[in-house]
Amino acid sequence: MEPEQLRLSAAAHGHGGYDSDFSDEESGEKSLQKTKRIQEDALLIKPFQKPKQGSVVHRQFAAEECDREEARKRRFHLISMDAYERHKKFVHDYILYYGGKIEDFRRSGANDKTDLDVIRENHRFLWNEEDEADMNWEKRLAKKYYDKLFKEYCIADLSRYKENKFGFRWRHEKEVISGKGQFSCGNKHCEENEGLKSWEVNFGYVEHGEKRNALVKLRLCPECSHKLNFHHRRKEVKACKKRGTAAQNSKEPKNKKRKLSRSAKKKSKKKTGKDQVSSDDSDNSDKDSDDSSAEDGPSAAESLKGPLREADEKPREEEFHEYFQDLFL
């Protein structure tokens with residue numbers, strides 16, 4: 001019985017049949033070190049620090065973390081795309097999950113209009129008070145474009161001149177800066193600079209179902225002028241009428257001075273009662289009248305001839321000078 005008791009006591013101590021007197025002391029020291037380490041770790045833990053997790057986490061927690069990370073990646077991918085690419089991705093995902101065709105998502109562009117289309121529909125060659133009575137945003141846009149045009153000279157389309165059909169439009173800023181239509185030919189297919197003539201045309205046109213007329217002015221080269229006057233001759237505008245009027249105005253004060261001198265001489269005749277003085281004054285007055293009649297003769301003849309004739313062609317420098325002189329007057 002004694003050997004069996006010794007075997008059971010050894011098994012109880014767990015040493016496989018071997019026992020030691022120092023085993024209890026070693027286990028007590030290890031437990032003290034472990035408790036001390038736990039206390040030190042508790043002192044080092046910060047208030048906002050999360051508790052440490054074990055080596056193996058719960059399955060639900062792992063799934064939530066995976067979903068959160070996947071959503072973060074998807075959000076970053078969507079933010080990096082522009083609006084059109086994001087729209088295409090959403091449409092593709094919808095078709096992938098719910099079925100359908102890509103043609104079902106394409107919008108119809110039949111009713112789409114640009115600003116140019118709106119201006120073409122509501123443009124008018126000339127705006128009057130009746131046109132500005134009932135204004136919507138489309139008409140306001142067309143009127144704003146109309147106000148930016150320059151309406152001194154026109155640009156013409158003479159491609160159908162044999163049918164007596166012409167197209168006219170106003171000039172825009174780039175054409176005014178380049179001199180198109182004023183210092184070069186006003187035909188949109190011609191760039192001639194020499195021998196330009198100004199013409200006035202009664203332009204009749206149909207606009208929004210209403211027939212209208214407008215008197216427009218344009219400058220054309222000799223060849224394009226022939227096309228404009230192919231069926232009947234238009235009115236030519238001549239630009240040197242101010243010289244003739246200035247010459248007439250310069251002659252008027254001279255005639256007034258002569259009339260004043262004659263009246264003064266007549267008064268002097270009435271005051272003096274002597275015959276010799278009167279006879280001398282009469283002789284002088286006869287001479288003055290002969291001189292004045294001789295001087296007035298050519299002026300009357302010139303007035304019967306009409307205005308001074310102009311040269312058919314002028315150099316471009318004179319045209320530039322006259323144009324800028326009219327601007328600064």
Side-chain angles (χ1 to χ4, degrees), residues 82-88 90-91 101-192 196-221 223-232 234-235 237:
D82 58 354
Y84 181 66
E85 294 294 333
R86 195 180 304 121
H87 170 73
K88 286 172 61 177
F90 289 154
V91 171
K101 297 180 181 179
I102 192 66
E103 287 79 9
D104 299 337
F105 293 89
R106 289 177 180 171
R107 59 184 298 275
S108 175
N111 298 324
D112 292 349
K113 291 182 181 180
T114 61
D115 291 346
L116 185 60
D117 297 332
V118 173
I119 291 173
R120 283 175 177 170
E121 289 180 1
N122 297 274
H123 178 70
R124 296 182 182 274
F125 189 74
L126 290 174
W127 286 76
N128 51 28
E129 295 179 356
E130 297 178 357
D131 300 332
E132 299 178 9
D134 186 13
M135 298 285 284
N136 52 15
W137 71 270
E138 297 174 342
K139 290 184 178 180
R140 284 196 297 271
L141 182 62
K143 182 64 167 60
K144 188 175 181 180
Y145 173 77
Y146 171 81
D147 293 336
K148 292 182 179 180
L149 300 176
F150 295 82
K151 305 166 190 67
E152 184 178 3
Y153 293 99
C154 278
I155 302 296
D157 183 6
L158 307 177
S159 58
R160 302 173 65 179
Y161 70 96
K162 291 184 179 180
E163 302 175 13
N164 199 20
K165 294 181 180 180
F166 306 99
F168 296 98
R169 64 171 176 84
W170 302 117
R171 300 185 298 166
H172 51 76
E173 185 177 3
K174 290 184 179 179
E175 292 174 337
V176 174
I177 293 173
S178 63
K180 177 67 176 175
Q182 183 172 3
F183 303 116
S184 62
C185 182
N187 185 5
K188 71 174 187 178
H189 301 298
C190 180
E191 299 294 335
E192 184 65 33
L196 301 179
K197 294 183 179 181
S198 298
W199 301 93
E200 279 188 357
V201 181
N202 186 12
F203 179 42
Y205 59 97
V206 178
E207 189 176 61
H208 299 286
E210 182 181 358
K211 189 174 181 181
R212 294 189 175 187
N213 290 79
L215 188 65
V216 298
K217 186 164 64 173
L218 67 157
R219 289 175 61 78
L220 299 174
C221 64
E223 184 178 356
C224 295
S225 298
H226 173 70
K227 293 179 181 179
L228 180 68
N229 302 311
F230 186 78
H231 288 276
H232 59 275
R234 267 72 179 184
K235 181 181 178 182
V237 179

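We count residues from 1, following the sequence as given. Source: prediction; values computed, not measured.
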Report task. Could you please spell out the steps behind the side-chain contact (heavy atoms from CB on, under 4.5 Å) verdict for Phe166 and Val201? Result -> CA-CA 10 Å; Phe166 306 99; Val201 181; 6.0 Å; no
- Query: Less than 6.0 Å separating the ring centroids of Phe203 and Phe125?
  - Reply: yes
CD of Glu173 to CG of Leu149, rounded to nearest 0.5 Å, is 11.0 Å
Of all heavy-atom pairs linking Glu207 and His123, the shortest is OE2-O, 3.7 Å
- Task: Inspect the surroundings of CG in Asp134 and state if more than 12 heavy atoms from other residues, nucleotides or ligands are less than 6.0 Å away.
- Result: no
Note: Leu126 and Trp170 closest approach over all heavy atoms is CD2-CZ2, 3.9 Å
Report task. Taking the six-membered ring of Tyr146 (Phe, Tyr or Trp), confirm whether the NZ or CZ of Lys151 is under 6.0 Å from its centre and within 45° of its axis. Result -> yes
Heavy-atom nearest pair, Ile155 first then Gly181, reads CD1-CA, 3.9 Å
dist Ser184:OG -> Glu175:CD (nearest 0.5 Å) comes out at 9.0 Å
Ignoring hydrogens and geometry, is there a side-chain-to-backbone donor-acceptor pair from Lys180 to Asn187 under 3.5 Å? yes
For Asp117 and Thr114, indicate whether the former's side chain and the latter's backbone hold a donor-acceptor pair under 3.5 Å.
yes
task: Would you confirm whether Arg219, through its side chain, and Gln182, through its main-chain N or O, come within 3.5 Å as a donor-acceptor pair?
output: yes
**Message:** Pair Glu223, Glu192 - check side-chain contact (heavy atoms from CB on, under 4.5 Å), show working.
**Reply:** CA-CA 9 Å; Glu223 184 178 356; Glu192 184 65 33; over 6 Å; no
Heavy-atom count around Glu85 CD within 6.0 Å, excluding the residue itself: above 12? yes
Rounded to the nearest 0.5 angstrom, the SG-OH distance for Cys224 and Tyr161 is 10.0 Å
Shortest non-hydrogen pair, Leu218 vs Cys154, comes out as CB-O, 3.9 Å
Subject >> Glu163 atom CD, over 12 foreign heavy atoms within 6.0 Å >> reply: yes
One should read off an interatomic distance between Lys139 NZ and Trp127 CH2, to the nearest 0.5 angstrom, of 6.5 Å
**Enclosure of Arg212 CZ (heavy-atom neighbours >12, cutoff 6.0 Å)** = yes
All heavy atoms of Asn122 vs all of Val118, minimum pair found to be ND2-O, 2.9 Å
dist Met135:CE -> Leu141:CG (nearest 0.5 Å) comes out at 10.0 Å
query: So, does His231 use its side chain to make a donor-acceptor pair with the main chain of Lys162 at under 3.5 Å?
result: yes
Parallel under 30°, tilted from 30 to 60°, perpendicular over 60°: which one fits the rings of Phe230 and His226?
perpendicular
*Start with the C-alpha distance between His208 and Glu210, add both sets of side-chain angles, then the distance that settles side-chain contact (heavy atoms from CB on, under 4.5 Å), and finish with yes or no.*
CA-CA 6 Å; His208 299 286; Glu210 182 181 358; 5.6 Å; no
Between Arg160 and Leu158, is there a donor-acceptor pair closer than 3.5 Å when you use the side chain of the first and the backbone of the second? no
Closest non-hydrogen contact found for Asp131 with Arg124 is OD2-CD, 3.4 Å
Taken to the nearest 0.5 Å, the spacing of Lys217 NZ from Glu152 CD works out to 6.0 Å
